[in-house]
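Given the structure is predicted, the values throughout are model-derived calculations rather than measurements.
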Amino acid sequence: MDNKLHLVQMNSNCVHSRTMVNTKSLNGAGVKGKGVHGNGVHHISVNGGSCPLKAKSRRQRWEVKPSEMANNTLNPIRAIVDGMKLTPNTDKPMIALSIGDPTVFGNLPTDEAVRQALKDAIDSQKYDGYAPSVGYLESRQTVANFYSCPEAPLNAQDVILTSGCSQAIDLVISVLCNPGDNILVPCPGFSLYKTLAVSMGIKVKLYNLLPEKSWEIDLQHMESLIDERTSCLVVTNPSNPCGSVFSKDHLQKVLKVASRHCLPILADEIYNDMVFPGCSSPTLASLSSDVPILSCGGLAKRWLVPGWRMGWILIHDRNDVFGHEVRQGLVKLSQRILGACSIVQGALESILNATPQSFFDNTVGFLKSNSEICFKELSTVPGLNPIMPSGAMYLMVGISMHNFPDFKNDVDFTERLVMEQSVFCLPASAFEYPNFFRIVVTVPEKMMVEACARIREFCQHYYQPYSCDSNDLDQ
């Protein structure tokens, strides 16, 4: 045990010196009560006098408050949905077209090969412990091999495994942005970007998507928002909530804007490869010659296992713009929690390489078929303007609000739709895009047909012709 005591002496100029003595040799001299006076207050010698150190003030009453980050964290979807009166019609069974979880209705199970891979990983007993925060090296290499292509090569060091795609997005925003910076986010767009950014003191600037052009980016508007504090451009392709898929030509134009302004891209590609037959969309990284891209993806949607919480960041930086610092920053941030599920990491090689192509084809074929049913049915409903998607699991429907004077806005419209028809569609105000609602097309086909019939009945009841009616989307 250290028996040495540090004595501090101060002169009138508040210059102090420190003397180390052995408490055993003091024999009680100079200190009282084992280094403190009997009243428990530490004393120091000032010009030969004794002066008590000021004790730290203590709280007089309990006053525990949430942090600024907690107060600044808001999920726009929950903020709107929690405020809605969602009491369904008891005479009609509820049909929820609002939940972006493909497993809810049980009609879209993952493939048996995927389940078997997880069982094998459990039975091996190799993955019961903690994995490195960035993921097992062999699992990272498996992901790198799966997504690597000549135009955008990857190795294990370019992959960070995360707890779902949401954590991947969190890490990317955290590593690229400081409080006071701003990021460019699509509108309408996935609400999580704003939830994360605002909680960190980062401003969100919304760039417009164009419904009349199948939700292409308004490139001129996007570029006009860039300033010296813009630290990241978020591109979602395919899109949630729009179901849009950008063409190669359009993506190249996006890259030109980013290149002109030396702006890195967060590419949210969780719906990558969930593109309907007849459409194609390359990854942003495969088209980029100079723009560094952090691509976020995962198992959730394509493999239909969102609860398994397996995501990743693919670091595409062929010109070494990020350098060591950004890569190391991602590693440090990943260490805040212990990362992705170790058992799912152990199953990754089989999941990625043994899932039959027929599983993906069947899933995408079903989503396209349901989208076509929904689009066809709602296209002939007075006052509605559905926009046919090209991928993902969503379809956006415009509401000509002037034809529905009984409702104040899209929130009021969808709330009454629940109350009267027991069909819940998410109002697009949750995506900061009023007078639209989003439909999730993963429900069984029979339910989709029934839901569309109820929506038609609802609209026919409330629709009123408008003298200045047009085919333009009401925005």
Side-chain angles (χ1 to χ4, degrees), residues 134-162 165 168-169 171-172 176 217 232-239 244-260 262-299 301-303 310-324 326-327 330-331 345 348-361 364 390-392:
V134 294
Y136 291 120
L137 183 63
E138 59 269 26
S139 302
R140 295 161 65 198
Q141 188 62 57
T142 294
V143 174
N145 293 342
F146 188 80
Y147 286 103
S148 186
C149 64
E151 300 82 10
L154 292 165
N155 59 51
Q157 302 306 316
D158 300 318
V159 177
I160 292 181
L161 301 183
T162 61
C165 188
I169 294 168
L171 293 182
V172 171
L176 294 179
I217 297 172
C232 176
L233 167 62
V234 179
V235 178
T236 314
N237 185 50
S239 167
S244 55
V245 177
F246 297 145
S247 67
K248 177 180 178 181
D249 178 66
H250 190 61
L251 290 173
Q252 288 173 328
K253 292 176 181 178
V254 173
L255 287 168
K256 286 181 180 179
V257 173
S259 179
R260 274 198 298 271
C262 299
L263 198 59
I265 291 178
L266 186 169
D268 184 349
E269 297 178 323
I270 186 65
Y271 295 99
N272 184 38
D273 295 321
M274 293 183 74
V275 177
F276 297 167
C279 301
S280 63
S281 183
T283 63
L284 266 171
S286 68
L287 302 176
S288 174
S289 60
D290 62 329
V291 178
I293 294 167
L294 296 174
S295 174
C296 301
L299 294 181
K301 303 305 168 68
R302 192 180 182 210
W303 281 268
M310 174 56 63
W312 45 71
I313 301 170
L314 307 181
I315 305 171
H316 297 280
D317 185 24
R318 65 185 63 194
N319 295 329
D320 200 28
V321 173
F322 290 142
H324 174 74
V326 172
R327 289 174 179 265
L330 285 169
V331 173
Q345 290 187 52
L348 268 179
E349 183 172 6
S350 293
I351 291 174
L352 297 185
N353 298 320
T355 305
Q357 183 61 40
S358 59
F359 166 74
F360 302 122
D361 293 342
V364 172
S390 299

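- At least one donor-acceptor pair under 3.5 Å links the side chain of Asn155 to the backbone N or O of Gln157.
- Considering every non-hydrogen atom in both Ser280 and Val275, the closest pair reads N-CG1, 4.0 Å.
- Side-chain contact between Pro292 and Asn319 is absent, with no heavy-atom pair separated by less than 4.5 Å.
- Using a 4.5 Å cut-off on side-chain heavy atoms (C-beta onward), Pro264 and Leu176 make contact.
- For the atom pair Asp268 CG and Leu294 CG, the distance stands at 12.5 Å (nearest 0.5 Å).
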Practice prompt. List the steps and the verdict of side chain to side chain contact (heavy atoms under 4.5 Å, CB included) for Tyr147 and Asn272.
Written response: CA-CA 11 Å; Tyr147 286 103; Asn272 184 38; 3.9 Å; yes

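- Between Val234 and Val172, every side-chain heavy-atom pair lies at or beyond the 4.5 Å cut-off.
- For the pair Leu266 and Val235, the minimum side-chain heavy-atom distance is 4.5 Å or more.
- For Arg327 and Asp158, the salt-bridge test passes: some basic side-chain N is under 4.0 Å from an acidic carboxylate O.
- Not one N or O on the side chain of Ser286 forms a donor-acceptor pair closer than 3.5 Å with the backbone of Glu151.
- Considering OG of Ser148 and CD of Gln141, their distance stands at 9.0 Å, rounded to 0.5 Å.
- We find the OG1-CD1 distance between Thr283 and Ile293 to be 7.5 Å, quoted to the nearest 0.5 Å.
- Side-chain atoms of Gln345 do not come within 3.5 Å of backbone N or O of Ser139 as any donor-acceptor pair.
- When all heavy atoms of Ser281 and Val245 are compared, the closest pair comes out as CB-CG1, 3.2 Å.
- To the nearest 0.5 Å, atoms CD1 (Ile265) and NE2 (His316) are separated by 11.5 Å.
- Across all their heavy atoms, Arg302 and Phe146 have their closest contact at NH1-CZ, 3.8 Å.
- Rounding to the nearest 0.5 angstrom, the gap separating the OG atom in Ser239 from the OH atom in Tyr271 is 9.0 Å.
- A heavy-atom distance below 4.5 Å is found between the side chains of Ile315 and Phe322.
- Between Leu330 and Val134, every side-chain heavy-atom pair lies at or beyond the 4.5 Å cut-off.
- Taking all atoms of both residues into account, the shortest heavy-atom contact from Leu251 to Pro282 is CD1-O, 3.3 Å.
- Using a 30° and 60° split on the angle between ring planes, Trp303 and Phe360 fall in the perpendicular class, above 60°.
- Interatomic distance, Thr142 OG1 to Tyr136 OH, rounded to the nearest 0.5 Å: 13.0 Å.
- Within the 4.5 Å cutoff, side-chain heavy atoms of Trp312 are placed close to those of Leu299.
- Under the 3.5 Å distance criterion, with hydrogens and angles disregarded, a donor-acceptor pair is assigned to the side chains of Glu269 and Ser295.
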Q. Are Asn353 and Asn145 close enough, and set up right, to give a side chain to side chain contact (heavy atoms under 4.5 Å, CB included), and what steps lead you there?
A. CA-CA 10 Å; Asn353 298 320; Asn145 293 342; over 6 Å; no

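- Proximity of Ile217 to Val257: side-chain heavy atoms (C-beta onward) are nowhere separated by under 4.5 Å.
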